[in-house]
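In this text, all values refer to a predicted model and were calculated from it rather than measured experimentally. In this chain, residues are counted from 1 in sequence order.
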Amino acid sequence: ETPEFLAEFQKRIDREEKIEPNDPMPSGYRKTLVRQIGQHAHSEIVGMLPEGNWITRAPTLRRKIALLAKVQDEGGHGLYLYSAAETLGVSRKQMTEELLSGKAKYSSIFNYPTPTWADMGAIGWLVDGAAIMNQIPLCRCSYGPYARAMVRVCKEESFHQRQGYEIMISLAHGSPEQKEMAQDALNRWWWPSIMMFGPHDSDSTNSDQSMAWKIKRFSNDELRQKFIDATIPQAEYLGLTVPDPDLKWNPEKNDGKGGYDFGAIDWDEFWTVVKGGGKMNVDRITARQKAWDDGEWVRDAALAHAKKQTAKKAS
Ligand code: 3HC
């Protein structure tokens, strides 16, 4: 690509124009979007597994229905995002093979176990809460198909967050055992949830370029801070303790609006999980491999049917 072409493209980005699939774009722009959208889609699909674990064991029919709806939504989000990635010329098959081989990542958060029902509350409240923080700015991403997919995803995500927080309210304001279960879930999900935003800006390899191309509108640390500042009052309302002894209100933070200082994140844990060493990584990929294998006959049938239809039209 010539410097003139790259400069012309950057002018389009700076003018806040939406880039569409058939527009000329730098190969690096295409590549980083395939990487991010593909990994986002993988996260949605793998993210169905921790919660799927509780659909048959939900405590009431109402809880079962809400959880079933949420998990189905996540599958739909994966579909949108794989379709958005396909507009950039990558196939579903290739993306799935990269997930199953470990070449493509998915969000670290989904490699943690869900041993109690309170995990369903903590995931909705914290994981979907963090996802909303990250996905709202993506509605203004410079790549059209990704931005448009995010609008629908964000609407559904806020229902996910609310149903999770409502579970936490019922437990935290319930019996002492229920409150203890909610506190235990907060203790296990707090730090992995703030790791979801990615490494500190200083260690973020993609951020500079993604910010220049307006794929990323806020840095990892900015979104992490916004999430923490919004979530602490919610934990206080629940009467639960966030497991960070260094958490402290700092009135100078956020240009004087104030915000929370928080403790050091365990980046060894983060990278161990990202690199496949988390508690549930093997289970998650095994489950996805089985689903891919079990679904082969469906894909073959759909392709055979499509071929027949095309032949019919042609004759
Ligand atoms: N888990 C796994 N890998 C992560 C990660 C995480 N939480 N955070 C960062 N990484 C990876 C990055 O992918 C990158 O590796 P790569 O170059 O091989 O892709 C590396 O760590 C360095 O991080 P960067 O900050 O340089 O990477 P990005 O600029 O891509 O920022 C991101 C990371 C903020 C996650 C960004 O990719 C993003 O906004 N992605 C879209 C949103 C997304 O994927 N969310 C995941 C959760 S989806 C979800 O929660 C569904 C909900 O319904 C429950």
Side-chain angles (χ1 to χ4, degrees), residues 43 47 50-51 70 107-110 112 114-138 154 157-204 216-270 273:
S43 303
E51 292 168 316
K70 176 179 189 305
S107 192
S108 50
I109 192 73
F110 298 122
Y112 290 83
T114 48
T116 78
W117 170 252
D119 292 307
M120 295 305 105
I123 287 178
W125 171 37
L126 299 173
V127 175
D128 288 76
I132 291 173
M133 280 297 177
N134 163 282
Q135 290 172 157
I136 295 276
L138 284 170
C154 287
E157 214 69 271
S158 48
F159 147 66
H160 299 169
Q161 198 268 355
R162 290 226 195 339
Q163 65 85 41
Y165 191 59
E166 206 251 344
I167 290 174
M168 293 304 275
I169 291 175
S170 316
L171 293 171
H173 297 173
S175 67
E177 295 78 11
Q178 285 178 316
K179 181 162 184 177
E180 172 41 42
M181 201 161 75
Q183 182 62 60
D184 163 61
L186 175 55
N187 295 343
R188 287 184 286 105
W189 289 96
W190 175 254
W191 289 99
S193 298
I194 63 174
M195 291 176 199
M196 276 176 75
F197 294 93
H200 282 311
D201 297 347
S202 49
D203 303 318
S204 170
K216 192 179 260 191
R217 294 278 183 169
F218 296 98
S219 78
N220 298 357
D221 286 325
E222 282 173 317
L223 288 180
R224 189 180 354 259
Q225 186 65 54
K226 273 168 85 169
F227 171 71
I228 291 170
D229 292 346
T231 308
I232 302 300
Q234 294 171 345
E236 283 165 354
Y237 176 76
L238 294 171
L240 299 179
T241 312
V242 170
D244 176 1
D246 298 324
L247 212 57
K248 195 164 93 29
W249 179 255
N250 173 346
E252 269 85 66
K253 212 151 192 176
N254 294 330
D255 318 324
K257 284 203 291 303
Y260 287 90
D261 289 333
F262 54 94
I265 295 172
D266 181 349
W267 294 113
D268 289 343
E269 176 183 330
F270 172 77
V273 175

Take the angle between the ring planes of F227 and W190 and call it parallel below 30°, perpendicular above 60°, tilted in between.
-> parallel
When you measure from the side chain of N220 to the backbone N and O of P199, does any donor-acceptor pair fall under 3.5 Å?
-> yes
Looking only at heavy atoms, which two atoms of D201 and S219 are closest? And how far apart?
-> OD2-OG, 2.7 Å
Can you tell if the side chain of P192 reaches within under 4.5 Å of the side chain of E269, non-hydrogen atoms only?
-> yes
State, to 0.1 Å, how close S108 and F270 come at their nearest heavy-atom pair, and which atoms those are.
-> OG-CE1, 3.9 Å
What's the spacing between R188 CZ and L126 CG if we round to 0.5 Å?
-> 11.5 Å
Does any N or O in the side chain of D229 come within less than 3.5 Å of the main-chain N or O of Y260, such that one atom is a donor and the other an acceptor?
-> yes
How close do H173 and Y237 get, heavy atom to heavy atom, and via which atoms?
-> NE2-O, 3.4 Å
Please round to the nearest 0.5 Å and tell me the distance separating atom CG of N134 and atom NZ of K226.
-> 10.5 Å
Atom pair CD1/CE of I123 and M168 - distance to nearest 0.5 Å = 10.5 Å
So, do I109 and M195 sit near enough that their side-chain heavy atoms are less than 4.5 Å apart?
-> no
Looking only at atom types and distance, does a side-chain atom of T114 sit under 3.5 Å from a main-chain N or O of P50, one as donor and one as acceptor?
-> yes
Quick one: pull up CH2 in W191 and CG in D244 and give me the separation to the nearest 0.5 Å.
-> 3.5 Å
Do side-chain atoms of D119 reach the backbone of T116 as a donor and acceptor pair under 3.5 angstrom?
-> yes
Return the set of residues passing side chain to side chain donor-acceptor pair (under 3.5 Å) with R162 (not counting sequence neighbours), or none when no residue passes.
-> none
Smallest separation among heavy atoms of S43 and F110, with atom names = O-CE1, 3.2 Å
Please identify each residue that fulfils side chain to side chain contact (heavy atoms under 4.5 Å, CB included) with P137, with sequence neighbours left out.
-> R217, F218, L223
Those residues at least two apart in sequence (or on a different chain) that pass side chain to side chain donor-acceptor pair (under 3.5 Å) with Y165 are none
Would you check if there is a donor-acceptor pair between the side chains of D221 and Q225 at a distance under 3.5 Å?
-> no
With side chains defined as the heavy atoms from C-beta onward, is the minimum distance between F159 and D128 less than 4.5 Å?
-> no
Short side-chain to backbone donor-acceptor contact, K70 and E51, under 3.5 Å = no
Hey, could you give me the CE/CE distance between M133 and M196, rounded to the nearest 0.5 Å?
-> 12.0 Å
L238 vs I169 side-chain heavy atoms within contact, under 4.5 Å = yes
Return yes when atom CG of D246 has more than 12 non-hydrogen atoms of other residues, nucleotides or ligands closer than 6.0 Å, and no otherwise.
-> yes
Which atoms form the tightest heavy-atom contact between H200 and I265, and what is the distance?
-> CE1-CD1, 4.3 Å
Spatial distance of atom CZ (R224) from atom CD1 (I194) [nearest 0.5 Å] | 6.5 Å
Steps toward side chain to side chain contact (heavy atoms under 4.5 Å, CB included) verdict (Y112, V273) = CA-CA 9 Å; Y112 290 83; V273 175; 3.6 Å; yes
Nearest heavy atoms of S193 and V127, plus distance in Å | OG-CG2, 4.1 Å
